[in-house]
Amino acid sequence: MATCPPHPSYPSGPTDGVPTAGAPTAGALRHAHWWQRPWVRYGAATTLLTLSGLVILALVREETGTEGFLVGLGLAVLPVPLLIAAFRWLDRVEPGPWRNLVFSFAWGACAAALIAIVANSFATRWIATATADPAGADTLGATVIAPVVEESAKAAAVLLVFLFRRRDFTGIVDGVVIAGVTATGFAFTENILYLGTAFGTDQLAGHTGIASVTAATFFVRIVMSPFAHPLFTVLTGIGFGIAALSADRGPVRRVGVPLSGLLLAMGMHAMWNGSSAFGEYGFFAVYAAFMVPIFGLLTWLVIWTRQRELRTVREELPAYAVAGWLTPAEPYALGSMRARRIARQYARRHAGKAAAREVTRYEAYATSLAFLRHRARRGRAGADFVVRERELLDELWRRRETARPALDHAARITAPPVPVAAPPWPVYGAYGYGHQPTPYPAYNPYRS
């Protein structure tokens with residue numbers, strides 16, 4: 001049953017020597033197993049991804065040749081910055097740490113791509129040998145084997161972040177971002193392979209220009225459908241995001257919803273790969289009838305979720321303003337993306353880039369605090385609510401001198417106008433009577 005969290009106490013400044021959530025005590029570290037130490041996990045993940053990257057690099061280069069690899073690399077990298085920027089934009093309300101995104105992209109580009117290449121090749125060859133039908137084996141591999149293998153390999157990254165970085169995985173947007181970045185990395189490696197192979201085919205056949213296989217592959221994979229792989233895997237990410245919001249529910253829902261998202265991703269991937277079997281215009285029919293509408297629907301869902309998160313910030317933070325941790329204007333400013341941007345710009349203009357970075361961190365900690373209290377009110381915050389709340393409040397308190405002036409300025413700029421009724425009698429100094437008041441000079445709170 002959801003219980004209301006305790007009302008925040010009045011600020012007394014950061015507390016030194018108090019263990020924070022996520023920071024075990026010396027005794028806990030001393031008795032922890034060796035595989036539970038952070039440096040062991042980071043080292044294992046780095047080693048695994050590095051070895052996978054070297055192997056996938058050798059395999060792709062062997063398949064495409066050095067020249068084809070370079071051409072494929074130059075063309076495949078074009079949509080990557082746009083996709084990463086789009087997912088970071090979605091994650092601006094409560095930005096996740098960069099290390100999660102780096103891990104997700106590296107997993108998709110290295111580990112997931114290696115698993116897909118090895119498993120798809122082995123399964124296709126086995127089917128061709130068992131059925132003595134190479135053409136049928138290729139079709140079956142593309143429409144059945146590849147979707148299952150590839151979506152499972154990409155989902156592994158989402159699962160790892162969900163399990164080991166649980167504090168950073170709190171809802172649907174986090175699932176969408178992790179899944180989308182993982183799929184972007186996977187598509188990057190796959191595009192290098194496809195474009196490099198197409199370039200090698202053109203070199204052998206002497207094709208150049210728009211009529212070349214490389215141009216056709218570039219148009220289909222880079223221009224028309226750069227979002228295809230992210231779109232499939234985002235369905236898995238949404239399932240994990242719903243599971244993160246359902247932490248107090250039964251295990252059937254926590255396991256069943258991510259599994260359902262994975263099955264939907266596999267089904268959509270299979271339909272996309274099998275579109276060529278639907279006739280001459282099957283690809284365009286699937287693209288127009290399914291891919292574009294589903295892309296629009298998921299985009300609307302994520303943006304709606306983002307607006308809902310901003311509303312949560314505006315509703316939860318006033319309790320901390322009443323307790324004195326925040327100024328009365330901050331909950332409104334922190335619940336508006338426009339006000340946040342104005343606050344960062346104001347801090348950068350008056351105190352430099354370091355102040356703007358502090359304001360950015362202040363906004364992120366305040367958002368995490370609002371989400372923590374929202375989960376606590378619904379009975380889903382966990383046993384470490386008090387410690388985690390104090391940790392976030394201390395982070396805000398350390399940055400208040402830098403962030404508060406910027407956020408107060410942003411609140412004044414973006415606050416909705418309040419209608420004021422004019423008195424029915426003439427007022428001296430207004431409406432042409434007397435002189436207009438002289439404005440005060442601009443106030444710079446960062447000036448010493």
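Residues Glu401 and Arg404 are not paired through a salt bridge, judged by the lack of any N-O separation under 4.0 Å between the basic side chain and the carboxylate. Here Arg412 does not pair with Asp408 in a salt bridge; the nearest charged N to carboxylate O distance is not below 4.0 Å.
Counting heavy atoms from C-beta on, the side chains of Ile222 and Leu195 come closer than 4.5 Å. Asp394 is listed as a side-chain neighbour of Arg398, based on a closest heavy-atom distance under 4.5 Å.
In this model, no donor atom of one side chain and acceptor atom of the other lie less than 3.5 Å apart for Tyr365 and Glu94. Inspection of the Thr197 and Glu63 side chains reveals no N or O donor paired with an N or O acceptor under 3.5 Å. Side-chain polar atoms of Arg357 and Thr402 form no donor-acceptor pair below 3.5 angstrom. A donor and an acceptor atom, one from each side chain of Thr233 and Lys154, are located under 3.5 Å apart. If you check the side chains of Thr143 and Asn273, you find no donor sitting under 3.5 Å from an acceptor.
Taking CZ from Arg308 and CD1 from Ile303, the interatomic distance works out to 16.0 Å, rounded to the nearest 0.5 Å. Rounding to the nearest 0.5 Å gives a distance of 3.0 Å between CE of Met266 and OG of Ser152. Atom CD1 of Ile56 sits about 3.0 Å away from atom CD1 of Ile117, to the nearest 0.5 Å. Rounded to the nearest 0.5 angstrom, Leu407 CG and Leu326 CG are separated by 9.0 Å. The CH2 atom of Trp126 lies 8.5 Å from the CD1 atom of Ile145; values are rounded to the nearest 0.5 Å.
Put simply, the side chain of Thr184 never gets that close to the backbone of Val80: no donor and acceptor are under 3.5 Å apart. Using a distance-only test at 3.5 Å, with no hydrogens or angles considered, a donor-acceptor pair links the side chain of Thr189 to the main chain of Ala109. In this structure, Arg166 contributes its side chain and Ala244 its backbone to a donor-acceptor pair below 3.5 Å. No donor-acceptor pair under 3.5 Å is formed between the side chain of Asp138 and the backbone N or O of Thr124. Ser104 places no side-chain N or O within donor-acceptor distance of the main-chain N or O of Thr182, the cut-off being under 3.5 Å. In this structure, the side chain of Ser336 does not engage the main chain of Tyr332 through any donor-acceptor pair within 3.5 Å. In this structure, the side chain of Asp168 does not engage the main chain of Gly96 through any donor-acceptor pair within 3.5 Å. In this structure, Arg340 contributes its side chain and Leu334 its backbone to a donor-acceptor pair below 3.5 Å. In this structure a side-chain-to-backbone donor-acceptor pair under 3.5 Å is missing from Ser225 to Ala228. Side-chain atoms of Arg377 never come within 3.5 Å of backbone atoms of Glu316 as a donor-acceptor pair (strictly under, hydrogens ignored).
The environment of CZ in Arg314 is crowded: more than 12 heavy-atom neighbours from other residues, nucleotides or ligands sit within 6.0 Å. Within a 6.0 Å radius of CZ in Arg92, no more than 12 heavy atoms belonging to other residues, nucleotides or ligands are found. Environment of CG in Leu297: crowded, with over 12 heavy atoms of neighbouring residues, nucleotides or ligands closer than 6.0 Å. The environment of Arg349 atom CZ is dense: over 12 non-hydrogen atoms of other residues, nucleotides or ligands sit within 6.0 angstrom.
Screening residues 282-306 for side-chain hydrogen bond (donor to acceptor under 3.5 Å, both in side chains) gives no qualifying pairs among residues at least two apart or on separate chains. Within the structure, ring pair (Phe, Tyr, Trp, His ring centres under 6.0 Å) contacts touching residues 57-99 (residues at least two apart or in different chains) do not occur.
Applying the salt bridge (charged side-chain N to carboxylate O under 4.0 Å, His left out) test to Glu358 and every residue at least two apart in sequence or in another chain returns Arg361, Arg399. With sequence neighbours excluded, the residues forming a ring pair (Phe, Tyr, Trp, His ring centres under 6.0 Å) with Phe169 are Phe162, listed by chain and number. Remark: His409 pairs with Tyr346 by the ring pair (Phe, Tyr, Trp, His ring centres under 6.0 Å) rule, at least two apart or across chains. Scored by the ring pair (Phe, Tyr, Trp, His ring centres under 6.0 Å) test, Phe283 finds Trp272 as partners (sequence neighbours excluded).
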**Item:** Verdict with reasoning, Ile84 to Val181, per side-chain contact (heavy atoms from CB on, under 4.5 Å)
**Value:** CA-CA 7 Å; Ile84 297 297; Val181 172; 4.0 Å; yes
**Message:** Under the criterion side-chain contact (heavy atoms from CB on, under 4.5 Å), I'd like the reasoning laid out for Arg375 against Leu372: C-alpha separation, chi angles, the key distance, then a yes or no.
**Reply:** CA-CA 5 Å; Arg375 292 194 300 272; Leu372 178 69; 3.7 Å; yes
**Message:** For a side-chain contact (heavy atoms from CB on, under 4.5 Å) check, start with the C-alpha distance between Ile192 and Thr64, then their side-chain angles and the critical distance, and finish with the verdict.
**Reply:** CA-CA 9 Å; Ile192 295 175; Thr64 62; 5.7 Å; no
**Prompt:** Can you check side-chain contact (heavy atoms from CB on, under 4.5 Å) on Ile342 and Arg338, steps first, answer last?
**Reply:** CA-CA 6 Å; Ile342 292 175; Arg338 177 170 175 256; 4.1 Å; yes
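Residue Trp397 forms a ring pair (Phe, Tyr, Trp, His ring centres under 6.0 Å) with just one option from Tyr320, Tyr362, Trp325, and that option is Trp325.
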